[in-house]
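A short worksheet on the structure shown next.
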Amino acid sequence: METTLTRAIKPAAPYDFELTAGQPNYSRDQEFKTEDYIDGSYIRLLDLGDKVALARVESTGSVDDPELTIALTGDDLSDGDAERAGRQIAWLLGCDQNLRPFYDAVGDDPVLSEVVEQFYGYHNTRTASVFEALVQAVMGQQIATAVARIVRNLLIQNYGVRASIEGREWYAFPRADALATAEVGDLRQLKLSVRKSEYIRGIAQAALESPDGFEGMHDLPDEEVINRMVALRGVGQWTAQWVLVRALARPDGFPIGDLALRRTVAGLYFDGAEINDAELLEFSHRWSPWRSYATAYLFAALRAGRVAGS
DNA sequence: ACCCAGGCATTGG
DNA sequence: CCAATGCATGGG
């Protein structure tokens, strides 16, 4: 029996819902979607473990007095399900992030203070799980973002959690068990290389062997997380740092080795002059302990076309 | 046609 | 320990 429940959540101010929910995903012209942002509504299929629910999120507040209202549709949803879904949405959309200390800290930074003003209230979005962050990062290694999106959609379409709600097909990211048994030959059909197919399968198997997937990482310090992540085949510094930022919401992750980030910093701070990773790492400490936020805002500036060069 | 893109592991010096 | 290389594919 398809039911609909609603929940309201109060993000930490300032919170710009359109900037935050509308930024990361624009999979237009797809016959399916994992998430969408249309006419002020953020729509996404949530995997609650034993069941799924379609969440439709809208802003019912303002940037400085934010409130989000979630309408949840699924089969036989209980109040407990709605509670879990509300927490998941709050997590995914970074509702708990208090930006003020970061804003204060970059007040003297001529570049970031301007970017922060332009994207006032933009929160960093997150993945639903550590496993998802790892697989997405591996898929995105060394290929253009447009290509990465195509590959990601193929993977989701073939191995993802699927549900038909309100007369339409919706997908959520594949669970580890689905990818742990995937044949490398089949993954190759999804435009993944042999190498990446092996990485992804290995990561899925490692997730299954760990009692709680990789979710125990939430309790470990940054350095310990990095060590464990890098021990996985296919995961290096860049990927591990992205896990800190995207899956664990650590405030001070920094994806050293990221080409676009390096060029963005070079463009904004060094007049376009090339810098290497070591120089970038040293430079990045001016943003500690908020480097995750700094990174998110630098990429926002990049996407908005504020940086010269590709 | 060619080159590169939000890396990583492997190999050869 | 460092540099070069294969990987896969779409867009400029």
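In what follows, every heavy atom counts, from backbone to side chain, and hydrogens, waters and symmetry copies are set aside. Proteins come first, then strands; the chains are lettered A, B, ... in the order of their sequence lines, and each starts at number 1. None of the values given here were measured: they were computed from a predicted structure.
Minimum atom distance to the side chain of A/V147 is reached by C/dG10, of the listed B/dA5, C/dA8, C/dG10. Closest to the side chain of A/Y199, out of C/dA8, B/dA9, B/dG6, is B/dA9.
Note that A/R168 lies in the cation-pi zone of A/W170, set by a 6.0 Å cut-off to the ring centre and a 45° limit from the axis.
When the P atom of B/dG7 is taken as reference, atom CD of A/E198 falls 20 Å away, rounded to whole Å. Counting to the nearest Å, the P atom of C/dA8 and the CD atom of A/Q189 are 12 Å from each other. Atom CZ of A/R263 and atom P of B/dC4 are 11 Å apart (whole Å). In this structure, A/D277 places its CG atom 11 Å from P of B/dC8, rounding to the nearest Å. Look at CG on A/L190: it is 16 Å from C1' on C/dG10, rounded to the nearest Å. Rounded to a whole Å, the CD1 atom of A/I203 is 11 Å from the P atom of B/dC8. Rounded to whole angstrom, the span from the CZ atom of A/R195 across to the C1' atom of C/dT5 amounts to 10 Å. A/R233 places its CZ atom 19 Å from the P atom of B/dG7, with the value rounded to the nearest Å.
Other residues, nucleotides and ligands place no more than 12 heavy atoms under 6.0 Å from the CD atom of A/E18. By the 6.0 Å contact criterion, CZ on A/R56 is open, its count of non-hydrogen atoms from other residues, nucleotides or ligands being 12 or less.
Scanning for side-chain contact (heavy atoms from CB on, under 4.5 Å) contacts around A/P14 gives A/V63, A/D64, A/R100, A/Y103, A/Y120, with sequence neighbours left out. By the side-chain contact (heavy atoms from CB on, under 4.5 Å) test, A/R201 pairs with A/V184, A/Q205, sequence neighbours left out. Not counting sequence neighbours, A/T181 has no partner by the side-chain contact (heavy atoms from CB on, under 4.5 Å) test. Every side-chain contact (heavy atoms from CB on, under 4.5 Å) that A/A137 has, sequence neighbours left out, goes to A/W238, A/T239.
Phosphate proximity of C/dG10 to A/K191: present, with a side-chain N or O under 4.0 Å from OP1 or OP2.
Side chains of A/E58 and A/T69: a donor-acceptor N/O pair is absent below 3.5 angstrom, by distance only.
Of all non-hydrogen atoms in A/R44 and A/A128, the two that sit nearest each other are NH2-CB, 4.3 Å. Nearest approach of A/R291 to A/H285, heavy atoms of both residues: NH1-NE2, 3.7 Å.
A heavy-atom distance below 4.0 Å to DNA chain B is reached by these residues of residues 131-144 of chain A, ordered by number: A/Q141, A/Q142, A/A144. Of the residues in residues 238-258 of chain A, those lying under 4.0 Å from DNA chain B by heavy-atom distance are A/W238, A/T239, A/W242, A/G257, A/D258.
Residue contacts for A/R262: at a heavy-atom cut-off of 4.0 Å it reaches no nucleic acid atom on any strand shown. At the heavy-atom level, A/L232 lies under 4.0 Å from the strands shown only through sugar-phosphate atoms.
For C/dA8 and B/dC2, the C1' atoms lie 16 Å apart once the distance is rounded to whole Å. Between C/dA3 and B/dG6, the distance separating the two P atoms is 23 Å to the nearest Å. Using atom C1' as the reference point in both B/dC3 and C/dG6, the two lie 16 Å apart (nearest Å).
The 5' end of DNA chain B is approached more closely, in terms of each residue's nearest nucleotide, by A/L261 than by the other of A/V235 and A/L261.
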